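Reading through the structure tokens given below for one structure.
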Amino acid sequence: MRRKTAALLAALLAASCLFAGCAGQERPVSAPDAETVSEAVQKPFDAVAQIKMGGIEATADLNKSEDGVFSFAFTAPKTLAGMTITMDKENIGLSYLGLSIEADSEAVLNSAVTKAIVAAVNKAAEPNGITIGVEGTAVTVRGETESGEFLITLDQRNQSLLSLSIPNLDLECHFGGGS
């Protein structure tokens with residue numbers, strides 16, 4: 001009798017699991033490990049970045065190359081359109097209206113929005129010192145840079161950048177339209 005009851009309960013449990021799947025409910029997904037996130041963030045990408053910092057809004061085409069160089073080509077507002085900032089861990093380049101400069105990234109633009117974005121993405125690419133979780137359909141990466149604590153959200157399927165928040169700078173950045 002116990003075997004029949006156990007078999008019936010197992011069948012009911014299996015059926016309820018199937019019906020839950022048919023109802024379109026998503027199964028909870030565990031967070032990827034730090035190495036997986038690190039590998040995803042280290043990959044080259046292109047995205048359109050909608051940047052808000054305080055009362056300022058800007059749009060830039062953001063590119064990260066294989067060698068870790070970030071390029072921000074601003075398209076809006078009109079006053080920044082045509083400005084390009086390139087950064088790696090050591091150098092920064094700025095070109096605008098035919099003028100170009102290069103400098104040590106530590107000496108220039110210490111609290112600039114582009115440097116804060118680059119520092120957060122680079123920190124997320126390190127498997128140590130970050131906390132990874134899942135919220136809804138996004139993977140979350142939390143950490144801290146000299147600009148303060150940050151939160152990066154990644155698409156759960158392909159781990160592309162979705163957003164970046166640095167509350168200390170009142171910075172919100174949403175990414176889209178890239179690879």
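Remember, it's a predicted structure, so these values are computed and weren't measured experimentally.
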Correct closest heavy-atom pair for Leu169 and Ser147 would be CD1-CB, 3.7 Å
Could you state the interatomic distance from CG (Asp88) to CG (Asp67), rounded to the nearest 0.5 Å?
-> 8.0 Å
Working to the nearest 0.5 Å, report the span between CZ of Phe45 and NZ of Lys64.
-> 6.5 Å
Measure from the side-chain N and O atoms of Ser65 to the backbone N and O of Val69, and report whether any donor-acceptor pair falls under 3.5 Å.
-> yes
Which heavy-atom pair separates Pro127 from Ile130 by the least distance, and what is that distance?
-> O-CG1, 4.1 Å
Is there a donor-acceptor contact under 3.5 Å from the side chain of Glu102 to the main chain of Gly93?
-> no
If you measure only the distance, is there a donor-acceptor pair under 3.5 Å linking the side chains of Thr153 and Ser163?
-> yes
For Leu154, which of Leu161, Leu162, Thr140 qualifies under side-chain contact (heavy atoms from CB on, under 4.5 Å)?
-> Leu161
Would you mind telling me which of Val113, Leu164, Ile152, Leu62 makes a side-chain contact (heavy atoms from CB on, under 4.5 Å) with Cys173?
-> Leu164
So, for Thr79 and Tyr96, which heavy atoms are closest and what is the spacing to 0.1 Å?
-> O-OH, 2.7 Å
Can you check salt bridge (charged side-chain N to carboxylate O under 4.0 Å, His left out) on Lys78 and Glu57, steps first, answer last?
-> CA-CA 11 Å; Lys78 193 174 186 178; Glu57 294 185 25; over 6 Å; no
For Thr84 and Ser71, work out which heavy atoms get closest and say how close.
-> CG2-OG, 3.8 Å
Strictly by modelled atom types, are Gln156 and Thr137 linked by a side-chain donor-acceptor pair under 3.5 Å?
-> no
Sub-3.5 Å donor-acceptor pair from the side chain of Lys123 to the main-chain atoms of Val118, do we have one?
-> no
If you draw a 6.0 Å radius around CD in Glu66, do more than 12 non-hydrogen atoms from other residues or ligands fall strictly inside?
-> no
